[in-house]
Each structure stands twice: as structure tokens, then as C-alpha cells.
Amino acid sequence: MTKDELLARLNDIEWSDFEVKEASGGLPKSMWETVSAFSNTEGGWIIIGVKERKTVGGSVFIVNGVSNPEQIEQTIVTTLRSRTKFNAPISCNAMRYKIEGKDILAFEIPLSPHRPVAIKSNGEVYIRTGSGDTLATDLEVDAIVRDTSFGAKSEMEVPGSSVNDINLDSIASYRSYLRDFNRPLSFPTLGDEEFCRKLNIVLSSGKLSYGSLLMFGKRESVLGALPNFWIDYMEVPGDSYTTASQRYTYRMPEQENIWESFQLIMHRLRNFVDAPYMEGPDIFGVEDNSQLFSLREGLVNFCAHSDYFASAHPTIRVFDDKIVMQNPGRFILDADEFRSRILSMPRNPSIIRLFRHPKLSENAGYGIDKILGWQKLTGKSVSFESDMLISTVTYPLVSTKNSRNVGEKNGEKNGEKNGEKNVLEIIRNTPSITQPQIAAKTGFSTRKVNRIIASLKEKEIIIRVGKTKGGYWKILSD
């Protein structure tokens with residue numbers, strides 16, 4: 001921080017990464033609480049020798065200076081580097097300024113790699129909330145511990161896991177995407193197990209990482225490793241829970257894994273934004289590269305940045321006026337910073353990588369420009385909020401309740417009609433095809449194929465002749 005930047009800060013409101021201490025009677029106790037809070041949250045600057053006076057119009061900062069800057073600086077640096085005050089050593093960048101002829105000290109406290117940083121005498125852990133220091137709850141301390149392994153926890157091996165924990169229907173659907181959009185990575189000559197090893201879904205040890213298991217695992221295997229796994233998607237008929245005419249009109253059944261959840265959620269979201277008349281295998285059509293595309297990027301990042309090791313689970317709520325995606329786990333960067341950041345910092349690197357292979361996400365960064373493109377498309381900006389435990393992204397909708405209901409009905413009607421048409425065409429060309437193979441060929445979820453087949457049977461359009469294996473489909477009428 002330069003002298004000009006410091007002066008600008010003193011004339012502005014107190015920022016969340018900026019705290020002043022008068023220290024006229026020695027270092028205050030709150031000094032160490034702020035050190036703990038900055039070390040555990042996002043880092044920040046502590047300024048010694050400035051008094052804050054709160055007024056009706058806001059904070060006013062008065063430069064008092066310190067009379068013994070060398071001694072105070074030495075005391076603070078020594079205390080932070082030792083383990084007498086905190087449970088871990090803390091590095092800092094110390095600077096001294098002359099303002100109005102008075103000595104001012106500034107200490108930059110970075111985010112600690114040894115979180116949670118606690119005050120040793122009482123074990124208290126502090127975090128930064130707004131522009132103040134707050135004693136962390138047990139849940140927040142747990143979140144801090146998980147954040148220290150940000151980007152690594154989901155890459156660890158799942159004890160006792162193997163290729164047998166993978167849902168092969170999910171793999172078939174995924175390979176279908178690859179054949180359409182990144183054919184070299186589909187490795188069409190390899191069997192499923194060899195394919196999984198080739199893409200590092202199965203590690204060289206023969207085990208799965210937590211990321212691979214979450215993405216493609218069988219539900220019982222996923223829950224065995226992560227009992228709280230559930231992506232909770234719900235459509236609420238109102239602007240909020242309190243104004244809703246009923247609790248919800250649709251709630252997604254619990255899916256096998258992230259991949260199955262992603263596909264079904266995307267098909268549901270088509271009903272609430274501008275979408276193509278016909279959908280392609282990537283859930284898009286030739287006429288659609290707008291709102292749904294922006295939501296797809298948002299959903300991929302939602303799946304890849306969730307803290308699946310938390311006690312809470314990720315939720316998506318579609319209200320009449322907005323779509324709210326809420327994840328356990330804080331944004332690792334401030335929202336303004338990741339808007340312009342180029343390099344990606346995913347919480348779950350293997351999950352984002354598996355989405356990128358079939359071109360379902362950007363190759364670099366958060367794809368934030370695609371998400372922020374929502375404003376150009378709708379005239380309404382996406383909002384980002386985060387605290388220590390929860391991060392929320394909100395997409396305002398432009399449709400009214402009536403247009404939403406009409407769009408939903410028309411979207412479902414057109415989607416089912418086109419789905420039946422696609423499945424019939426596949427059956428006509430390959431009568432012996434199985435339902436999992438239809439799912440792989442269309443990119444539909446296995447549940448959607450099951451629903452379409454059941455509908456075609458009920459309408460007496462098709463029948464199954466013979467057993468599941470060795471039988472074939474017969475078309476009775478079109």
C-alpha cells in the first residue's frame with residue numbers, strides 16, 4: 001500500500017480488508033482479534049496510529065500517530081512470527097508512513113496457509129464479517145479447515161473405491177457428449193473401464209478420487225463416501241417462499257451423481273428462459289446461444305465449486321422472478337476480483353475438468369464473462385453474495401408468472417414431443433437398441449428415456465418383442 005493509497009483509504013469508508021487502531025495506550029486486545037480474522041478470511045491491512053470516530057454521516061479517521069514506532073513494529077513482527085500469541089506463525093509486510101508529521105504503521109496480514117489461526121491463550125478463532133471481527137462458530141471453523149485444502153480435497157482417493165463404483169449409464173451418456181463435441185477424447189475403441197482409466201476417472205491406483213465418484217458414481221457408492229450428497233433443485237410458484245401459492249410445483253428426485261443432476265436440471269431450466277425450439281445433444285439447438293448458454297456456464301461452475309464435504313448441500317430454486325443457485329462454501333475470491341481474474345481456481349478441479357472435456361465449460365477462468373453476459377441478454381445483472389459458509393448467485397428473470405407458466409407448459413410439451421420423435425427415429429434405424437444405449441445416443445438422462453419409452457408404449461406406438469437382451473422394438477404406428 002502506498003502513502004497515497006493509505007490517505008485515500010482514510011478518507012473513505014472502512015473497507016472489509018482495512019482496520020485502524022489508535023494504540024495510544026499500547027496495543028489493544030482487538031489487535032490480535034483482527035490478526036486472527038484477517039488470517040482466516042481474506043487477509044487485510046491493520047493501521048496503527050489512527051483513531052476512528054463514528055458519526056451520523058459515517059466514520060471519520062483522525063491521525064494521531066505513535067510515539068515509539070520502532071518498538072511497536074518490533075513487538076508486532078516478533079509476536080506474529082513466534083507462536084506465543086497464535087497457534088501458527090504469521091508472516092506480515094510492515095510499512096511506516098509520515099502523515100501530517102506523525103508516524104503511522106501499516107501491517108499487511110495475508111490469508112494464512114495454516115488456518116484456522118486461533119489466539120493461543122483461549123483458542124478463539126475470529127473471522128472478518130463486513131468491516132468487523134467476529135468470533136467464529138464451530139461450523140465456520142470447520143469451513144475454514146476445509147478451505148485450507150481448497151482445490152485438493154476432492155482430488156484425494158476414496159478408500160476402498162474401484163471401477164465397480166461407477167455408474168456405467170452415466171459414462172455411456174458422457175461418452176456420447178464426447179463423440180459429438182470432442183471425439184478424440186471419446187476413445188471409441190476402448191471399453192468403459194479402459195476409457196475411465198484413460199481420462200483419469202479411475203486413478204492409476206485403481207481407486208476413484210472424490211471428484212470422479214461425485215461426477216459418475218453409483219448413488220449408493222457416493223452416499224457411502226459423502227452421506228450428505230444431494231443437489232436440491234426446486235421450482236417455487238412465487239417470488240419467494242412466503243408468496244408461493246404452494247411449496248413447490250416440481251422438485252427433482254435425488255439423482256445418481258453430479259452428471260445425471262446436471263443433465264436433468266438443464267432440461268428443466270429450458271422452460272424458464274429463451275431456448276431453442278429443438279434441443280441438440282448438448283442441450284442446445286442452432287438458434288440458442290443466449291440465456292440458456294449463460295445458465296449452463298453458471299450451472300457447471302455451481303457443480304464444480306460446491307463444498308460437498310460440508311453438512312449442507314447445494315440448492316437451486318427457480319422462483320417467478322429469479323433463479324437462485326446457493327452452494328455450501330464461500331467464494332475463495334471477492335466477487336469483484338473473480339469477475340476479472342483469468343486463471344481458474346476451482347474448488348473441485350477434476351469436476352471442472354470433466355465438464356470441459358465435452359466443451360460444456362470454458363477452458364480458462366470461471367467462464368465468468370458468459371455468466372455476466374446475462375445482463376446484456378436480459379437487462380438484469382447477476383448478483384454474487386458470500387459469507388464463510390454459503391455462496392449465492394442470483395439470476396433475475398424477465399418473465400412474469402403467467403408467461404413462466406405458459407413457457408413451462410409449452411417447453412415441456414415441445415420437449416417431450418421432440419424427445420419422442422428422436423427416440424422413434426433411433427428405434428426405426430436400430431430396433432435392437434436398449435434404453436441405456438438410447439440415452440447414450442441422445443444425451444438424455446436414463447430417466448428421461450424411461451419416461452419417453454413408457455409414453456410411447458402407453459400410446460401404443462411401440463412394443464417390445466422378446467426379452468430385454470436379445471429382443472427388439474416394434475413400431476406399431478407413427
Side-chain angles (χ1 to χ4, degrees), residues 161-209 211-218 221-222 255-264 266-267 278-286 293 296 300 303-304 349-363 418-419 421-450 452-453 468-473:
S161 61
S162 72
V163 68
N164 295 325
D165 294 306
I166 291 177
N167 185 308
L168 295 181
D169 286 342
S170 298
I171 291 296
S173 171
Y174 184 73
R175 296 186 76 174
S176 175
Y177 272 73
L178 288 172
R179 283 192 293 272
D180 287 324
F181 300 103
N182 196 357
R183 186 169 179 79
L185 281 184
S186 70
F187 298 105
T189 62
L190 298 181
D192 286 337
E193 183 172 349
E194 291 80 6
F195 167 82
C196 289
R197 291 182 181 277
K198 196 75 173 178
L199 260 65
N200 213 37
I201 296 169
V202 174
L203 305 176
S204 58
S205 64
K207 294 183 173 62
L208 275 61
S209 68
S212 297
L213 182 66
L214 283 163
M215 191 71 171
F216 298 120
K218 297 175 181 176
S221 299
V222 175
Q255 301 296 298
E256 291 283 307
N257 47 49
I258 292 174
W259 180 247
E260 296 295 335
S261 300
F262 169 79
Q263 293 182 89
L264 182 51
M266 281 305 305
H267 282 292
M278 295 186 65
E279 63 185 56
D282 63 339
I283 320 176
F284 291 91
V286 294
F293 185 72
R296 186 186 73 172
V300 167
C303 293
S350 60
I351 292 175
I352 197 74
R353 183 176 65 250
L354 290 167
F355 274 116
R356 285 174 180 163
H357 286 335
K359 314 294 186 182
L360 287 171
S361 181
E362 290 294 287
N363 288 326
N418 292 327
K421 182 178 179 181
N422 291 343
V423 170
L424 270 176
E425 189 63 27
I426 291 171
I427 288 175
R428 182 177 288 105
N429 294 330
T430 313
S432 60
I433 196 167
T434 64
Q435 292 189 43
Q437 290 170 335
I438 293 174
K441 198 170 185 65
T442 59
F444 297 156
S445 67
T446 53
R447 287 173 174 79
K448 180 171 181 176
V449 171
N450 293 340
I452 291 173
I453 291 293
T468 302
K469 291 185 178 180
Y472 64 93
W473 298 103

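A quick note: this is a predicted structure, and the numbers were derived from the prediction, not measured. FYI, side chains are in, hydrogens and waters are out, and symmetry mates aren't considered; it's all heavy atoms of this structure.
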Distance-only donor-acceptor pairs under 3.5 Å for side chains of residues 181-190, two or more places apart:
unit_1: N182; atom_1: ND2; unit_2: H357; atom_2: O; d: 2.8
unit_1: S186; atom_1: OG; unit_2: R183; atom_2: O; d: 2.7

Quick one: does [X]'s side chain get under 4.5 Å of [Y]'s, heavy atoms only?
X: I452; Y: N422; result: no
X: V423; Y: W473; result: no
X: Q255; Y: F262; result: no
X: L203; Y: L208; result: no
X: I426; Y: Q437; result: no
X: M215; Y: S212; result: no
X: I427; Y: I438; result: yes
X: I166; Y: D192; result: no

By side-chain contact (heavy atoms from CB on, under 4.5 Å) - contacts of V222 (at least two apart): L213, L214, F229
Mind checking the [atom1]-[atom2] spacing from [X] to [Y]? Nearest 0.5 Å is all I need.
X: C303; Y: N257; atom1: SG; atom2: CG; answer: 10.5 Å
X: I258; Y: I351; atom1: CD1; atom2: CD1; answer: 3.5 Å
X: D180; Y: K359; atom1: CG; atom2: NZ; answer: 13.0 Å

According to salt bridge (Lys or Arg N to Asp or Glu O under 4.0 Å), does anything in residues 194-208 pair up with another residue at least two apart or in another chain? List the pairs.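 Residue pairs passing salt bridge (Lys or Arg N to Asp or Glu O under 4.0 Å), neighbours aside: E193-R197.
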Listed by chain and number, what are the salt bridge (charged side-chain N to carboxylate O under 4.0 Å, His left out) partners of E425, not counting sequence neighbours?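 So E425 forms a salt bridge (charged side-chain N to carboxylate O under 4.0 Å, His left out) with R428.
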Which residues share a salt bridge (charged side-chain N to carboxylate O under 4.0 Å, His left out) with R179, sequence neighbours left out: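 With sequence neighbours excluded, R179 shows a salt bridge (charged side-chain N to carboxylate O under 4.0 Å, His left out) to no residue whatsoever.
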Counterpart residues, side-chain hydrogen bond (donor to acceptor under 3.5 Å, both in side chains), relative to [X] (two or more places apart):
X: N200; value: none
X: S161; value: none
X: S261; value: none

Between S170 and E256, a side-chain donor and acceptor under 3.5 Å: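 No.
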Residues forming a ring pair (Phe, Tyr, Trp, His ring centres under 6.0 Å) with Y174, sequence neighbours excluded: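 Y174: ring pair (Phe, Tyr, Trp, His ring centres under 6.0 Å) contacts with F216, W259.
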